[in-house]
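By convention in this document, chain letters (A, B, ...) are assigned in the order of the sequence lines, proteins followed by strands, and residues within each chain are numbered from 1. Below, each value reflects all heavy atoms present in this structure, side chains not excepted, and no hydrogens, waters or symmetry copies.
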Amino acid sequence: MTTAQRQVELRFDAVKIDRKWQERWERDGIYRVEDDDPRPKWFEMTMYPYPSGDLHIGHWYAMAPSDAHARFRRMQGYNVLHPIGFDAFGLPAENAAISRGIHPYEWTMANVDNMRRQLRSLGAVYDWDREVVCCLPEYYRWNQWFFIKLYEQGLAYRAKAPVVWCPSCQTVLANEQVLNGECERCETPITRRDFEQWFFRITDYADELLDFDTLEEWPEKILTMQRNWIGRSEGVDIGFDISDYNIEEREIRTFTTRIDTIFGVTFLVLAPEHPLVSKLTSENRRADVEAYVDQARAASEIDRLSAEREKTGVFIGAYARNRLNNEKVPIYVADYVLTTYGTGAVMGVPAHDHRDYDFARKYRLPIRTVIAPITWDGSELGEAFIGDGFMTNSGAYEGMTNEEGMEAIAKDVERRGWGHRAVTYRLRDWLISRQRYWGTPIPMVYCDECGVQPVPEADLPVLLPEDAEFRPTGESPLAINDTFVNTECPNCGGPGRRETDTMDTFMDSSWYMLRYCTPQYSGGPYEPSVTGDWMPVQQYTGGAEHAVMHLLYSRFFIKSLRDMGMLNIDEPFLRLFNQGVILGSDHEKMSKSRGNVVNPDDVVGQVGADAVRCFLMFIGPWDQGGPWSDEGINGVVRWLNRAWSLVEHDAAQLDDSPSEPTAVRDTQRVLHQTIRKCYEDLDRFKFNTTIAALMELVNHLSQAWNDQSVDSATWRDCIEKFLLMLAPIAPHVAEEWWERTGRGYSIHQQPFPTWDEELAAGGMITLVLQVNGRVRDRVVVASGVTEEDAKWYVDNSSRVQSHIDGKPVRNVVYVPDRLVNVVVG
RNA sequence: GCCGAAGUGGCGGAAUGGUAGACGCGCCGGUCUCAAAAACCGGUGGGAGAAUAUCCCGUGUCGGUUCGAGUCCGACCUUCGGCACCA
């Protein structure tokens, strides 16, 4: 038992206030969103949660500030759609089914129920009539509908792809289920197997996905990550001759961005999965090669690509001819080459590529410099030289700069038909097949006569069978369910077998924003005209962990719908903001094992929703995250207490006319500066400084009350505007205090206050007097001080003069209302 | 490893290239109280100094640009996020 936390008590019953207003708002439907409201539309979404069971403080950290921002937009006069839903398909439900014998549907929907209740305790503006739960047939039927549309467009196709395989469980594993290269269930070393699986052709959109021009405010880091993820490279696809071997293929195609180094090729490397490996391997090398390939298939891609790890590979006993210099070079298989990138084969140029250099050193392959550094003395280089230089040992291209060589060789290669300029992407097509139960069944049927057939639209949805069996080995419950598998071929009516794979859950999240617009529509995934009015999403918020996959998939999805004429927009999300991660009070990531998890229900039960909302926003910049603190929340509670006592004061006790005009003017200035600050900061998600400014206002008003230095009208004005600024961040107490001070229901239908620049201006400033950039004196003067007057202070400051010390003045820098800097010496 | 981000008091953090440390936590002192808590008032980066005089040092490290750098540039160190089947 730890020492009890000293808890500051609230002076009002926050829990009761929460309940009172949540019920009233619900009853009055003040957050119901109407499609035909005349105000301008503002669609602001936060990423929907996975229904893991309990609302974590991390969910509050994502939801509370985004709600405050959506509320701010409402107060600015927008018709705001700020919906919520549940990302309800996925692996954890299936794990629960296996370990606890509970059906994924039961488990998921019980979690959804609980999380709905917890989400309501936030006091957010969610319109619950628009909730989307994507594991329900009325949602996932449209996943199937979209799948068929994409299939008809040629954007969905089937191909072999490796899955992680547990040879003991005889089942496919998720990456998450692999611990140190072993199956988490039975600790058997994993391997990989090729399965026929479904893909979406996201690579068709690679170039368009690199165009971020229409995205208004996305964090630069997310764009950089997407750019790098797509990884566009321009180069040359060039063939190496293997016509000496008696096989169908006449050449090995490689992709290189450095065709200028082609005379430096001293070996070729094939990915272990490359189809030519088995065809070209000589009999005396076969055993070694096969052993190597098996071992490579167990390794993770991260390990394979690691530049730190020692390069490995084996010679396959075959050679290929470099057509540019007629040299025969040995062919290796090595796991640092991936079949998913380029052609799955690379030309080894050890002199000018780090990985090839390491590989050549290890296997004693020749290293031939063909790009000469400018200061090169001809000796062997100690490491790969990847910079620019002059072509050497390069036949007809000798002496060119390598840029010229690159151009000349590419041209010649194309002219001779040995290859062609090509663009390659690191981005791969989106593999959507999952060998699982708890996902959207892929609506395809296999018929021995007719091949692959889509399920007709009229037969959708293909429902998940309720009587599925969840075996601890993790076999796909759909594959072993005969009544699900056996069906009729939609084309010939003969016997057919259903596809038993389900879809990646990123399918659900690729278009859920469209469903929010018309969630009950049954004539299609969304009603086009209404959805067209709401889309694109004006503001999206969520964790940066979705920087590349979800956000890229969704962008692809919207573009493909546009190209099918289903939607007239290019991008789903116009603006994006990524919040950071909330940590435990020990500054570590929250986890049950660390025991640093904060349960929002407990805290909300003690101090109410508003104190929790405010504290989460006050911790620090929203995009940086930060640690929870049981002590820190006391500061927010004290502030709300002080605000409450201000609200309680009877303004009638103050004079009607200002006795101290200067003091009143100061209070007005503070008020209007606060409004300006809050308006600008809320606009840019700077909640921490919004709250700091409101705290300063409360501090000022407390002082003003103690001094009785304001008149009653100014006081009332300050309280009214303070409550309006409080409304988006602390909606319950703002409503309660609004009512208590005799103002009409509801504060949440009031506009955000505006400021008057003239009232915000003026006052005293501290003018800083510097000598050589160092502060030597300060004078308090009225703002708007002239340069001449400012310099007068310099001349008359004994501190400044003593530092000038008679030295010649070389320059005087004047920054209005800030400082004077005298440069001497 | 690759890609991305962040380093400021005892702690969370603030700071259009212009007073470093707003606001808050914690701590110290005071008021109130039999006492404590709460509340309220005051103080609180480090060093020298009797000092609320004055001076010096200080935003991860080293270097640069500038009249002036937490902020811009370069290199390095440390920590965190993502890496395609967790979502």
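- Distances shown here put a side-chain N or O of A:K686 below 4.0 Å from the OP1 or OP2 atom of B:A15.
- A cation-pi arrangement, defined by a distance under 6.0 Å to the six-membered ring centre and an angle within 45 degrees of its axis, is absent between A:R613 and A:W60.
- No hydrogens or angles were tested; on distance alone, a donor-acceptor pair under 3.5 Å links the side chain of A:Q197 to the base of B:C85.
- Side-chain nitrogen and oxygen atoms of A:H354 include none within less than 4.0 Å of the OP1 or OP2 phosphate oxygen of B:G1.
- When the nearest nucleotides of RNA chain B are assigned to A:V775 and A:K677 by heavy-atom distance, the more 5′-ward of the two goes with A:K677.
- Rounding to whole angstrom units, CG of residue A:N228 and P of B:G4 are separated by 5 Å.
- Taking side-chain N and O atoms only, A:R774 has no distance below 4.0 Å to OP1 or OP2 of B:G68.
- B:A84 is unpaired under the Watson-Crick or G-U wobble criterion, no partner having all donor-acceptor distances under 3.5 Å.
- Comparing B:A38 with B:C25, their P atoms are spaced 12 Å from each other, to the whole Å.
- Taking only side-chain nitrogens and oxygens, A:R434 comes nearer than 4.0 Å to OP1 or OP2 of B:C85.
- Ion pairing of A:R676 with A:E680 is absent here, as no side-chain N (NZ or NE/NH1/NH2) approaches a carboxylate O to less than 4.0 Å.
- Contact between the side-chain N/O atoms of A:R638 and the OP1/OP2 oxygens of B:A39 is found at a separation under 4.0 Å.
- Comparing the same atom, P, in B:A6 and in B:A14 gives a spacing of 12 Å after rounding to whole Å.
- With C1' as the reference atom, B:A15 and B:A20 are 7 Å apart, rounded to whole Å.
- Remark: B:A5 base-pairs with B:U79; criterion is Watson-Crick or G-U wobble with both hydrogen-bond distances under 3.5 Å.
- Between B:G12 and A:H587, a contact under 4.0 Å exists linking OP1 or OP2 to a side-chain N or O.
- Comparing the same atom, C1', in B:G70 and in B:U8 gives a spacing of 7 Å after rounding to whole Å.
- Side-chain N/O atoms of A:K589 include one lying less than 4.0 angstrom from OP1 or OP2 on B:G81.
- Between B:G68 and B:G45, the two C1' atoms lie 22 Å apart (nearest whole Å).
- No N or O donor and acceptor, one from the side chain of A:Q770 and one from the base of B:C67, sit under 3.5 Å apart.
- Separation of the C1' atoms belonging to B:C32 and B:A39 is 9 Å when rounded to the nearest angstrom.
- Within 4.0 Å (heavy atoms only), A:E696 reaches sugar-phosphate atoms of the nucleic acid but no base atom.
- In this model, the phosphate group of B:A39 is not approached by any side-chain N or O of A:N641 to a distance below 4.0 Å at OP1 or OP2.
- The ring of A:F577 has its center closer than 6.0 angstrom to the ring center of A:W622.
- Cation-pi check for A:R193 over A:W165 is met; the charged atom lies under 6.0 angstrom from the ring centroid and within 45 degrees of its normal.
- Checked against B:G18, B:G81, B:A87, the side chain of A:F506 finds its nearest nucleotide in B:A87.
- Proximity of A:R642 to the phosphate of B:C23: no side-chain N or O atom is located under 4.0 Å from OP1 or OP2.
- As a whole-Å value, the separation of A:F199 CZ from B:C85 C1' is 12 Å.
- Comparing the same atom, P, in B:U19 and in B:A69 gives a spacing of 11 Å after rounding to whole Å.
- Residue A:N699 places no side-chain N or O under 4.0 Å from the OP1 or OP2 atom of B:C23.
- Remark: B:G70 base-pairs with no nucleotide; criterion is Watson-Crick or G-U wobble with both hydrogen-bond distances under 3.5 Å.
- With a glycosidic angle more than 90° from 0, B:G26 adopts the anti conformation.
- Partner assigned to B:G29 is B:C41, using Watson-Crick or G-U wobble distances below 3.5 angstrom.
- If you measure from atom CG of A:L431 to atom P of B:A84, you get 12 Å, rounded to the nearest angstrom.
- Taking atom C1' in both B:C11 and B:C27, the straight-line distance is 11 Å, to the nearest Å.
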